[in-house]
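Just follow the structure's listing: the first ligand is 1, and inside any ligand the first atom is 1. These figures come from a predicted structure and were not determined experimentally. Computed over heavy atoms, backbone and side chain alike; hydrogens, waters and symmetry mates excluded. Numbering starts at 1 and runs along the sequence shown.
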Amino acid sequence: MPYSVAFFGATGGCTNASLASLILFSDYQAIALARTPQKLLDSLKKQPGITDAILAERLSMVKGDATNVADVKRTLLFQADNNNNAEPKLVDAIVSGIGAYPQRKKGTLITFEMDNPNITEQSTTALISAMREIHNEQHSENKPVVTVISTTGLATPAGSKEDVPFGLQTLYHSLLAEPHKDKKRMEEIITENAALFRGVIITRPTLLSGDGIVKVDGVRKTVRAGTEDAPAKGYLIARSDVGGWIWENVLKPAEHGEKWYGRRVSLAY
Ligand SMILES: NC(=O)c1ccc[n+]([C@@H]2O[C@H](COP(=O)([O-])OP(=O)(O)OC[C@H]3O[C@@H](n4cnc5c(N)ncnc54)[C@H](OP(=O)(O)O)[C@@H]3O)[C@@H](O)[C@H]2O)c1
């Protein structure tokens with residue numbers, strides 16, 4: 001069976017870019033949960049070289065919600081070529097870029113709030129519950145590698161070095177303090193439950209730009225990757241390069257990102 005990867009939040013630019021790279025540059029199996037499958041197909045067809053025919057052959061989609069344990073479980077166990085007698089095979093890797101959208105707060109002109117301020121906590125809790133159920137039901141010792149997209153500016157764990165450049169510190173440490181609480185909870189939950197996974201990689205990109213369209217030709221900017229003790233501080237990173245980093249450093253290599261297991265990986269130019 002080919003190496004299989006489950007994607008959550010793939011209509012978002014970062015995860016879309018890692019899914020598109022996997023479809024374009026490998027024979028790995030791709031499974032994606034989407035609330036609106038047509039939105040996912042439309043976003044992937046904007047990627048260079050991806051056609052309806054390629055998607056029909058290479059992508060399996062599960063329509064569902066990332067906060068629903070049954071939907072998440074179906075995604076993690078979805079294998080196109082399963083025969084009915086075999087125990088469903090758990091995916092080999094998981095990538096999650098689930099996030100909330102800013103919206104104008106009711107009754108205000110310029111105050112924004114997140115449409116669901118707890119979405120990454122809720123979706124991570126659902127992922128852990130689904131993994132626990134699968135772990136209790138299955139005889140296999142296989143465990144997937146999980147990569148989640150968090151953010152810089154969390155100042156955790158205690159003693160971590162500042163990973164936000166000076167010019168972004170007011171934005172990150174004051175205005176974004178609320179949404180960052182949700183990302184902190186996600187990091188805590190996934191770290192507390194690390195034993196369910198072969199490895200946990202928390203990526204922390206700086207401020208995101210662009211639409212996640214993969215650059216196949218031309219010169220790409222160099223992405224710097226740092227860890228808690230030596231963070232990569234920077235002002236911007238394109239969504240396509242976050243997805244590209246996950247593809248090139250976690251999904252594609254034969255050791256599937258082992259050197260980053262247990263690390264919080266800051267990403268910036
Ligand atoms: N903006 C920044 O500068 C910045 C910086 C660092 C980190 N981040 C974080 O990086 C991550 C990736 O960002 P991005 O811009 O690439 O993506 P994004 O536009 O934030 O996309 C969020 C994704 O989450 C999905 N989603 C939300 N609720 C869901 C639910 N209940 N069930 C299933 N899917 C759900 C959305 O699906 P639908 O299409 O169905 O809505 C979408 O695919 C996010 O977590 C974001 O918060 C952002």
*What do you reckon, does Gly13 have a nitrogen or oxygen under 3.5 Å from a nitrogen or oxygen of ligand 1?*
yes
*If only atom types and distance count, is the side chain of Asp92 paired as donor or acceptor with the main-chain N or O of Ser4 below 3.5 Å?*
yes
*Below 4.0 angstrom from a heavy atom of Gly97, which ligand 1 atoms are there? Numbered from 1 as shown, please.*
11 (C), 12 (C), 22 (C), 23 (C), 44 (C), 45 (O)
_Among Met186, Glu187, Arg263, side chain to side chain contact (heavy atoms under 4.5 Å, CB included) partner for Ile202_ = Glu187
*Is the backbone of Gly212 close enough, under 3.5 Å, to the side chain of Gln47 for a donor and an acceptor to pair up by distance?*
yes
_Side chain or backbone, does Tyr101 bring an N or O within less than 3.5 Å of an N or O on ligand 1?_
yes
*Could you check atom 6 (C) of ligand 1 against the protein and tell me its nearest heavy-atom contact, residue, atom and distance included?*
Pro205 O, 3.4 Å
*Give the numbers and elements of all ligand 1 atoms closer than 4.0 Å to a heavy atom of Ile119.*
28 (N), 31 (N)
*asked:* I'd like to know if the side chain of Lys215 and the backbone of Val219 have a donor-acceptor N/O pair within less than 3.5 Å.
replied: yes
*From Gly99, Gly12, Gly212, Gly9 - option closest to atom 27 (C) of ligand 1 by heavy atom*: Gly99
*asked:* Could you check whether any heavy atom of Phe8 sits closer than 4.0 Å to an atom of ligand 1, since that is the contact criterion I want to use?
replied: no
*Name the closest protein heavy atom to atom 31 (N) of ligand 1, giving the residue it belongs to and the distance to 0.1 Å.*
Asp65 OD1, 2.9 Å
*Hey, are the side chains of Leu22 and Trp247 touching, using non-hydrogen atoms and a 4.5 Å cut-off?*
yes
*Any donor-acceptor pair under 3.5 Å linking the side chain of Asp163 with the backbone of Pro231?*
no
_If the cut-off is 4.0 Å to any non-hydrogen atom of Ala66, which atoms of ligand 1 fall inside it?_
30 (C), 32 (N), 33 (C)
*Kindly identify the option in Thr11, Thr151, Ile98 whose heavy atom sits closest to atom 34 (N) of ligand 1.*
Ile98
_Val95 and Phe8, any side-chain heavy atoms less than 4.5 Å apart_ = no
_Test item, Ser150 contacting ligand 1 (heavy atom, 4.0 angstrom)_ = yes
*What protein heavy atom sits nearest atom 46 (C) of ligand 1, and how far off is it?*
Lys183 NZ, 4.0 Å
*Glu228 with Lys161: basic N within carboxylate O range, under 4.0 Å*: no
*Do any nitrogen or oxygen atoms of Lys39 come within less than 3.5 Å of a nitrogen or oxygen of ligand 1?*
yes
*What protein heavy atom sits nearest atom 16 (O) of ligand 1, and how far away is it?*
Cys14 N, 2.9 Å
*Does Thr206 have a heavy atom less than 4.0 Å from any atom of ligand 1?*
yes
*Is any side-chain heavy atom of Glu113 closer than 4.5 Å to a side-chain heavy atom of Gln103?*
yes
*asked:* Yes or no: does Leu207 have any heavy atom under 4.0 Å from an atom of ligand 1?
replied: yes
*Which residue owns the protein heavy atom closest to atom 40 (O) of ligand 1, what's the atom, and how far is it?*
Arg35 NE, 2.9 Å
*Taking the side chain from Glu121 and the backbone from Asp182, do they hold a donor-acceptor pair closer than 3.5 Å?*
no
*asked:* For atom 11 (C) of ligand 1, what's the nearest protein heavy-atom neighbour? Residue, atom name and distance, please.
replied: Ile149 CG2, 3.6 Å
_Heavy-atom donor-acceptor pair, His256 side chain to Leu251 backbone, under 3.5 Å_ = yes
*Residue and atom name of the nearest protein heavy atom (relative to atom 15 (O) of ligand 1), distance in Å to one decimal*: Arg239 NE, 2.7 Å
*Axial cation check for Tyr269 ring with Lys221, 6.0 Å and 45° limits*: yes
*Quick one: does Gln122 get a heavy atom under 4.0 Å from ligand 1?*
no
*May I ask you to identify the nearest protein heavy atom to atom 13 (O) of ligand 1, giving residue, atom name and distance to one decimal place in Å?*
Leu208 CD1, 3.6 Å
_Thr108 side chain to Lys105 backbone, donor-acceptor under 3.5 Å_ = yes
